[in-house]
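Letters A, B, ... mirror the listed sequences (proteins, then strands); counts begin at 1. Owing to the predicted nature of the structure, the values given are computational and were not obtained by experimental measurement.
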Number of protein chains: 2
Amino acid sequence: MRQKRITLKDIARETGVHVSTVSRALDPVERKSITEEVASRIQAAADALGYRPNRIAAGLRTNRTMTVGVMIPDITNVIFPPILRGIESVLEPLGYASIIVNTDSERDRESRLVDVLRDRGVDGIIHAAVLRSDPSIARAAAEGLPVVTLNRMVENSQIPYIINDEDAGICEMLRHLRDLGHRDIAHLAGPQDLSTGQLRLAAFRNAAATLSLEFRPDLVATARRFDEQEGARGIRDLLASGRTFTAVLCANDRLALGAIDELREHGIDCPREVSVTGFNDMPFLDLIRPRLTTVRILQHSAGQTAATVLLQLMNGDKAEDIPMETILPVEIVVRESTAPAGSLVRS
Amino acid sequence: MRQKRITLKDIARETGVHVSTVSRALDPVERKSITEEVASRIQAAADALGYRPNRIAAGLRTNRTMTVGVMIPDITNVIFPPILRGIESVLEPLGYASIIVNTDSERDRESRLVDVLRDRGVDGIIHAAVLRSDPSIARAAAEGLPVVTLNRMVENSQIPYIINDEDAGICEMLRHLRDLGHRDIAHLAGPQDLSTGQLRLAAFRNAAATLSLEFRPDLVATARRFDEQEGARGIRDLLASGRTFTAVLCANDRLALGAIDELREHGIDCPREVSVTGFNDMPFLDLIRPRLTTVRILQHSAGQTAATVLLQLMNGDKAEDIPMETILPVEIVVRESTAPAGSLVRS
DNA sequence: CTCATCCTCGCAATCGATTGCACGAAGGCT
DNA sequence: AGCCTTCGTGCAATCGATTGCGAGGATGAG
């Protein structure tokens with residue numbers, strides 16, 4: 001049988017005071033406005049009865065649910081769980097819970113989920129989805145709901161964002177390849193409707209300019225998804241085009257893994273003949289041979305930072321105290337998939 | 001500025017009816033008790049004003065939050081995200097949201113999180129944590145909160161559970177090894193304080209009996225964690241003991257991966273000299289060489305099933321309609337890490 | 001034409017906690 | 001000694017939606 005909950009009223013009856021007094025006695029802030037003796041008597045009764053506050057009722061009155069929404073494309077994508085743990089690590093100790101939703105990178109699903117979260121009265125939203133434009137989240141933010149985005153920014157909005165310094169990551173990686181003697185460097189770009197795909201392509205172009213390397217559009221292959229199949233297809237396209245290259249900088253680890261496999265299919269060895277680099281440094285990467293040289297992103301701290309900024313927003317901190325832009329450092333991890341450029345094996 | 005929400009009262013004022021009428025008109029069940037003309041007028045006004053029901057308020061009154069709690073050890077463990085998607089796939093279309101918490105397999109955290117979920121008034125809990133005993137969840141269930149466990153069962157309770165047919169998986173795998181001619185088969189067992197570790201060891205012993213193979217305690221190494229390091233350590237211990245074996249059945253993929261690496265360190269080739277098998281069929285496994293022969297668990301359907309049973313519980317279905325035990329089939333996936341037993345290479 | 005019945009809708013209580021306001025007592029001040 | 005302040009507590013409204021009950025009108029039967 002479902003036990004009936006202990007409410008303030010029960011404690012009030014038990015201790016012979018008014019429920020409002022009980023409420024105050026149990027609120028750490030208000031508690032000091034109550035005679036210590038009464039307060040501790042109430043506290044004792046509450047403990048004895050096993051009182052647990054009803055957050056729903058409190059939420060109705062205060063309009064705060066101590067719940068945040070977290071929107072990600074897909075929880076099964078290994079880069080997101082660490083982000084979630086990072087978020088949780090700052091929010092949970094403060095009593096917040098999070099509702100996690102998967103957008104599957106679908107526009108309509110995304111905006112529907114924003115509504116779902118708002119209906120549930122979340123106090124704020126961390127938005128790590130990657131569609132390049134979505135009015136629903138901007139609208140929510142404009143209406144006063146605290147929102148922070150992760151890995152991307154919403155143009156023309158006052159939404160704080162946290163991004164990783166992907167430009168620097170791509171640039172460092174390109175420098176690494178150049179320093180190894182590579183000149184003909186292909187880029188396996190990600191889907192251009194995802195911000196990460198687009199950003200990294202732009203970063204590649206800029207980095208080439210910075211490093212005085214020629215940017216060759218004919219050495220860019222664009223994947224339709226961030227997966228191994230598309231990585232393999234990208235390599236096939238590149239090889240079929242007859243262009244020569246000694247290195248492939250991929251927009252993501254999975255593309256890189258697919259690329260290495262496909263190169264092997266064509267009898268081309270990585271790293272001896274062609275160097276390949278990834279992006280993200282996803283888990284288990286060091287179990288796959290050759291161990292991939294990649295750009296490490298600090299997912300956990302990205303989550304922490306996003307949560308911290310969201311907290312400021314929810315606490316109503318002064319606007320000037322809230323960082324609109326946070327760029328987190330990345331680092332390149334050199335492993336076995338890159339090697340000095342040898343002689344070109346293909347014409 | 002924070003927009004003020006549209007409430008039933010606003011719609012009532014707009015349409016000139018009482019708020020209770022509006023409530024009924026908007027409730028698909030109650031709607032038929034309202035004149036169609038009035039109902040559609042209310043509906044129109046609701047749409048025009050952009051009304052969104054306040055679930056908090058409704059939850060307070062009805063004592064249903066349309067929220068479920070999901071407890072897992074750690075979201076960064078790749079086997080859990082698919083389970084969550086499975087749960088979501090049945091719950092989300094019905095309007096449920098889920099609050100996911102990570103227990104980190106710590107007893108006190110686990111029971112604290114049960115309280116957190118209850119305070120938030122979840123309508124039910126899916127408990128996929130793996131500690132072998134925890135009174136808090138049993139207490140919650142006894143007090144009437146719908147609870148379903150996944151991958152494990154709580155003894156002496158009326159809590160429905162969904163488990164994978166791990167016994168069959170282990171047995172099939174052992175049969176596979178036997179059929180390949182292996183006789184000296186080691187077992188790399190998981191942590192014995194986790195139900196999966198314990199269950200699979202027991203299953204290994206039973207399977208040996210079933211298949212008329214000798215169960216040799218001296219060929220069992222026990223890992224302290226489910227990770228590659230412990231897999232490597234297990235192999236080191238086994239090798240150090242001087243026993244001979246031609247195959248290692250591991251309680252989990254990561255142990256198997258660590259085992260293969262460690263064997264290689266010792267100059268022992270898998271699968272030519274020693275066959276190694278895993279358990280779980282985690283993602284990216286087919287990218288790692290040799291591709292691991294393992295037991296595939298249908299995580300997604302496990303999640304779906306758990307959610308479905310929980311729904312029955314929450315709907316108050318008749319007890320006899322609710323399956324107390326669900327055993328999901330598993331399948332073995334034969335890849336490259338197993339091969340016919342050759343001559344023993346070690347004495 | 002009258003009375004019973006049914007249907008539609010309004011009234012008001014309710015869920016549990018929070019909080020502005022007010023009241024009464026006690027203490028300090030002149 | 002009287003007045004004002006301060007402190008502790010109670011009162012009651014409130015958050016927004018749900019729902020049992022009952023009133024009133026419409027409808028049908030006799």
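At the heavy-atom level, S23(A) lies under 4.0 Å from base atoms of the strands shown. In this structure, V22(B) reaches neither bases nor backbone, as no heavy-atom distance under 4.0 Å exists between it and the strands shown.
Residue Y51(B) is the one, among Y51(B) and R24(B), whose nearest nucleotide of DNA chain D lies closer to the 5' end (criterion: closest heavy atom). For the pair S33(B) and R61(B), nearest-nucleotide mapping onto DNA chain C gives the more 5' position to S33(B).
In this structure, E36(B) atom CD and dC7(C) atom C1' are separated by 15 Å, rounded to whole Å. To the nearest angstrom, C1' of dG16(D) lies 13 Å from CG of D119(A). Counting to the nearest Å, the C1' atom of dA17(C) and the CZ atom of R5(A) are 12 Å from each other.
Distance check: T21(B) OG1 to L26(B) CG gives 11.5 Å after rounding to the nearest 0.5 Å.
Contact annotation: H18(B) side-chain N/O to dC11(C) OP1/OP2 distance is under 4.0 Å. For the OP1/OP2 pair of dC9(C) and a distance below 4.0 Å, the side-chain nitrogens and oxygens of T35(B) include at least one atom meeting the criterion.
Put simply, the side chain of N102(A) never gets that close to the backbone of D104(A): no donor and acceptor are under 3.5 Å apart.
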- Message: I'd like to know whether R112(B) forms a salt bridge (charged side-chain N to carboxylate O under 4.0 Å, His left out) with D115(B), so could you lay out the CA-CA distance, the side-chain angles of the two residues, the decisive distance to 0.1 Å, and finally the verdict.
- Response: CA-CA 5 Å; R112(B) 195 164 50 70; D115(B) 284 338; over 6 Å; no

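Counting distance only, with no hydrogens placed and no angle test, the side-chain atoms of S20(B) and the base atoms of dC9(C) include no donor-acceptor pair under 3.5 Å.
Among T196(B), N151(B), T326(B), the single residue meeting the side-chain hydrogen bond (donor to acceptor under 3.5 Å, both in side chains) criterion with N164(B) is N151(B).
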